[in-house]
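Working notes for the structure below.
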Amino acid sequence: MYNIRAMNTFDIEEELNKLPHSPGVYIMHNENEAILYVGKALDLHNRVRQYFRAGHGHNNSPKITKMVSQIAYFEYIITASEMEALVLECNLIKEHRPKYNTLMTDDKGYPYIKLTVGDLFPRIMMSHRMSRDKSLYFGPFTDRKAVHDTIALVKKLFHLRNCNRDLNNSKCDDRPCLYYQIGQCPAPCAGLISREDYYKNVEEAAAFLNGNTRPVINRLKKEMSDYAERMEFEKAAETRDILESVEKISEKQRVSSSSTDDKDIIAMARADKDSVISIFFIRDGSLIGRENHHMSIDTDDTDSEIVTAFIKQFYFAVPFVPKEILTITGVEDEQVITDYLSDRKGQKVVITTPQKGEKKGLIKLAADNARLVLEQDIERIKRAEKRTTGACMEIAEIIGAENVVRMEAFDISNISGYHSVASMVVFENGKPKRNAYRKFKLRSVEGPDDYASMKEVLSRRYTDEKLGPLPDVIMMDGGKGQVHIAEAVLNSIGLEIPVCGMVKDDKHRTRGLYYQDEEVDFKPGSEAIHMVTALQDETHRFAIDYHKQLRSAEQTRSILDDIKGIGPKRRKALLLHFKDVDNIKKATLEELSEVEGMDAKAASAVYEFFN
């Protein structure tokens with residue numbers, strides 16, 4: 001449970017004394033209620049108190065010292081065990097991305113190749129997760145294009161079906177589809193291949209995906225030779241191309257001869273506040289791929305802290321856990337992390353830091369890769385940061401704030417007063433956060449009154465806690481008038497949030513910000529102007545799209561609802577059957593009668609209405 005108090009009544013010394021000697025997660029907040037840091041503890045009482053005692057543990061770190069100086073209050077969640085606290089810590093870090101936690105800056109998903117061997121006639125496809133079903137999974141892979149190419153190749157080599165029909169229950173068709181005509185599918189849908197013969201192809205495909213490519217290579221070489229002898233050079237060339245693709249896939253680097261167990265190799269390189277973690281995926285003794293992740297770090301973060309933060313965030317987000325994880329440095333909380341990963345995998349998982357031999361060589365290989373990536377990407381990273389977080393820092397400088405992370409922008413859209421709607425767009429760290437966007441249909445305002453509309457929308461937004469955390473700055477699509485409306489609303493509900501107006505020039509280009517009754521121009525070459533322009537354009541687009549959606553829905557309802565005998569169910573059935581109103585208008589009486597739920601009387605009513 002949370003231990004939460006209003007900021008103005010929160011006495012840190014008093015609350016420190018009340019901390020329980022229990023495992024759990026603690027959450028540090030600043031005076032604006034933003035989350036600064038999330039951590040876990042075996043003993044909340046001892047761990048949290050250390051932050052506020054000079055000379056104790058992590059308070060020696062400059063980063064932590066700076067963080068502690070900003071803490072206005074903290075809260076905590078008691079858990080049943082340290083493992084439960086670890087899981088909760090990882091989830092909260094991923095959700096809130098606190099400023100002072102070491103974070104992965106490039107979250108990605110890892111695709112698998114899925115073979116649906118539980119079906120009567122299995123399919124092959126890409127999957128973003130490994131589920132506990134009857135299917136076979138191969139991966140994870142780090143190159144999505146390679147996954148698509150491999151799936152296409154397997155279909156061609158082993159004649160696995162392309163369609164997504166449910167052949168477990170459906171009856172066979174009389175005619176096979178086009179893929180059968182061009183020789184790429186044996187047409188199980190038409191009953192032209194038995195399940196036993198089809199399943200032989202599936203077993204060969206599974207062996208191929210497991211790395212047994214030699215039988216396929218030998219078969220293709222013989223086919224190519226036979227085509228050439230018969231002077232069928234076009235087919236020989238096509239077979240040669242397939243052979244080259246297979247050989248390319250089979251050229252996996254064999255990195256371990258002593259063990260066929262799955263393992264991941266984790267190493268890192270760092271420079272100032274940039275760090276790259278390089279992870280190699282070894283499956284059945286073969287290097288199947290590698291991935292590089294950039295970490296946002298502080299100069300006083302230790303290598304062990306960085307690698308530990310990566311392991312927590314990475315393995316709590318991917319579905320597959322290997323039996324062994326080799327790391328370049330020791331890992332903090334190793335026991336509780338390995339216990340959790342072992343529990344997920346269903347067998348023992350170990351984390352080791354090799355000191356010599358073949359495994360040490362693998363660590364060096366990953367470390368060399370990380371250094372190379374860091375050297376190549378550091379300038380690109382700097383440019384990307386300048387466009388996003390750098391632009392946020394410029395905005396913070398304009399309004400005199402320490403930091404600007406979350407910005408919310410509003411726009412009103414109406415056409416001659418028809419369906420006035422509003423949009424709220426959210427940018428975090430200079431990037432759109434689309435799952436936080438919100439749409440508002442005006443309730444109390446009739447006609448094109450933008451000021452009254454904005455007052456209603458802002459009041460609804462900032463009195464509803466369910467709409468997300470408060471922003472660091474509000475951006476209004478307009479100048480002085482819109483800004484003053486927003487400020488008046490905020491004052492009426494007791495909030496102090498900076499409000500800026502996004503001002504455009506005569507050519508409808510963003511030229512500056514209206515803030516505290518003055519127009520502030522952007523610096524020459526400013527990245528902030530590009531970000532604000534993107535924010536303004538996105539806000540306008542989002543409002544217009546919502547407006548169009550409502551108008552389209554209203555037009556559809558008004559036309560069909562005017563027909564006697566057509567209620568919601570029949571209206572839905574008509575639209576599902578004919579797709580749109582234009583097709584309904586063109587339909588014959590017989591076609592209308594074929595729609596589910598339409599009797600002769602209803603069909604006649606629709607036909608007569610449009611004719």
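Taking a 6.0 Å sphere around CD of E519, one finds it holds more than 12 heavy atoms contributed by other residues, nucleotides or ligands. Crowding of M393 atom CE: a count of heavy atoms from other residues, nucleotides or ligands under 6.0 Å not exceeding 12. Heavy-atom contacts from other residues, nucleotides or ligands closer than 6.0 Å to NZ of K345 number more than 12.
At least one side-chain heavy atom of Q70 sits less than 4.5 Å from a side-chain heavy atom of L36. Counting only heavy atoms from C-beta outward, the side chains of M83 and I337 never approach each other to under 4.5 Å. Considering only heavy atoms from C-beta on, P432 stays 4.5 Å or farther from V426 through its side chain. Within the 4.5 Å cutoff, the side chain of M424 has heavy atoms near those of the R461 side chain. Proximity of V48 to M28: side-chain heavy atoms (C-beta onward) are separated by under 4.5 Å at one or more points. Side-chain contact between N32 and L470: absent, with no pair of heavy atoms (C-beta onward) separated by less than 4.5 Å. Using a 4.5 Å heavy-atom cutoff, the side chains of I71 and V68 are in contact. At a threshold of 4.5 Å between non-hydrogen side-chain atoms, the residues F427 and E408 do not count as touching.
The shortest non-hydrogen separation linking I306 to M295 is O-CE, 3.9 Å. The shortest heavy-atom contact between T102 and Q313 is O-NE2, 2.8 Å. Scanning all heavy atoms of the two residues, the minimum distance from C392 to G430 falls at SG-N, 3.3 Å. Minimum heavy-atom separation, L44 to I77: CD1-O, 4.2 Å. Shown here for N429 and T388, the closest heavy-atom pair between the two residues is O-CB, 3.3 Å. The shortest heavy-atom contact between S275 and I297 is CB-CD1, 3.8 Å.
Looking only at distances, a side-chain donor or acceptor of N30 sits under 3.5 Å from a matching main-chain atom of E33. Listed for the S342 side chain is a donor-acceptor partner under 3.5 Å among the backbone atoms of T338.
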Please report the C-alpha distance between E332 and K40 in whole Å, then the side-chain angles of each, then the deciding distance to 0.1 Å, and finally whether the salt bridge (Lys or Arg N to Asp or Glu O under 4.0 Å) criterion is met. CA-CA 12 Å; E332 299 178 357; K40 74 161 185 65; over 6 Å; no
Stepwise, does the side-chain contact (heavy atoms from CB on, under 4.5 Å) test hold for D411 with F542? CA-CA 9 Å; D411 189 22; F542 192 57; over 6 Å; no
In sequence, state the C-alpha distance, the side-chain angles, and the governing distance for Y514 and Q482, and then conclude on side chain to side chain donor-acceptor pair (under 3.5 Å). CA-CA 10 Å; Y514 183 83; Q482 293 280 26; over 6 Å; no
Stepwise side-chain contact (heavy atoms from CB on, under 4.5 Å) test for S526 and E394: CA-CA 8 Å; S526 165; E394 288 185 43; 2.5 Å; yes
For the pair I265 and I279, evaluate side-chain contact (heavy atoms from CB on, under 4.5 Å) and give the outcome as yes or no after the intermediate values. CA-CA 5 Å; I265 318 297; I279 177 168; over 6 Å; no
Give the intermediate values and the outcome of side-chain contact (heavy atoms from CB on, under 4.5 Å) for residues K312 and L86. CA-CA 8 Å; K312 288 181 180 180; L86 175 70; 3.5 Å; yes
Could you please spell out the steps behind the side chain to side chain donor-acceptor pair (under 3.5 Å) verdict for D339 and Q335? CA-CA 6 Å; D339 286 348; Q335 188 60 54; 2.9 Å; yes
Just do the side chain to side chain donor-acceptor pair (under 3.5 Å) check on S423 and T539 with the steps written out, would you? CA-CA 6 Å; S423 66; T539 307; 5.5 Å; no
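Residues forming a side chain to side chain contact (heavy atoms under 4.5 Å, CB included) with D472 (at least two apart in sequence, or on another chain): V404, V405, R406. In this structure, the ring pair (Phe, Tyr, Trp, His ring centres under 6.0 Å) partners of Y340, at least two apart in sequence or on a different chain, are F316. Listed by chain and number, the residues in a ring pair (Phe, Tyr, Trp, His ring centres under 6.0 Å) with F310 are H293, F314 (sequence neighbours excluded). H45 meets the ring pair (Phe, Tyr, Trp, His ring centres under 6.0 Å) test with H21; sequence neighbours excluded.
Comment: E527 does not engage R387 in a salt bridge, judged by the lack of any side-chain N to carboxylate O separation of less than 4.0 angstrom. Using a cut-off of 4.0 Å between Lys/Arg side-chain N and Asp/Glu carboxylate O, E428 and R97 are scored as not salt-bridged.
To the nearest 0.5 Å, atoms CD (Q516) and CD1 (I399) are separated by 9.0 Å. If you take OG1 on T79 and CD on E89, they are separated by 10.5 Å, rounding to the nearest 0.5 Å. In this structure, CG in D11 is found 8.5 Å from NZ in K18, a value given to the nearest 0.5 Å. Atom CG of L42 sits about 4.5 Å away from atom CD of E82, to the nearest 0.5 Å. The distance from atom CD1 of I266 to atom CG of D264, rounded to the nearest 0.5 Å, is 6.0 Å. Note: L19 CG to D43 CG = 9.0 Å, rounded to the nearest 0.5 Å.
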Would you be so kind as to tabulate the donor-acceptor pairs closer than 3.5 Å made by side chains of residues 483-497, with sequence neighbours excluded?
residue, atom, partner, partner atom, Å
H484, NE2, D517, OD1, 2.8
N491, ND2, E487, O, 3.2
S492, OG, V489, O, 2.6

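At a cut-off of 3.5 Å, with distance as the only test, no side-chain donor of S304 or T329 sits close to an acceptor on the other residue. One side chain, D477 or Q536, offers a donor N or O that lies under 3.5 Å from an acceptor on the other. Looking only at atom types and distance, the side chain of Y73 has no donor-acceptor partner in the side chain of E15 under 3.5 Å away.
Under the side chain to side chain donor-acceptor pair (under 3.5 Å) test applied with Y26, the options Y76, Y51, Y37 reduce to a single match, Y51.
Relative orientation of the F410 and F440 rings is tilted, given thresholds of 30° and 60° on the angle between their planes.
For residues 295-307, every residue pair satisfying the salt bridge (charged side-chain N to carboxylate O under 4.0 Å, His left out) rule, not counting sequence neighbours, is listed here: K63-D301, R270-D303.
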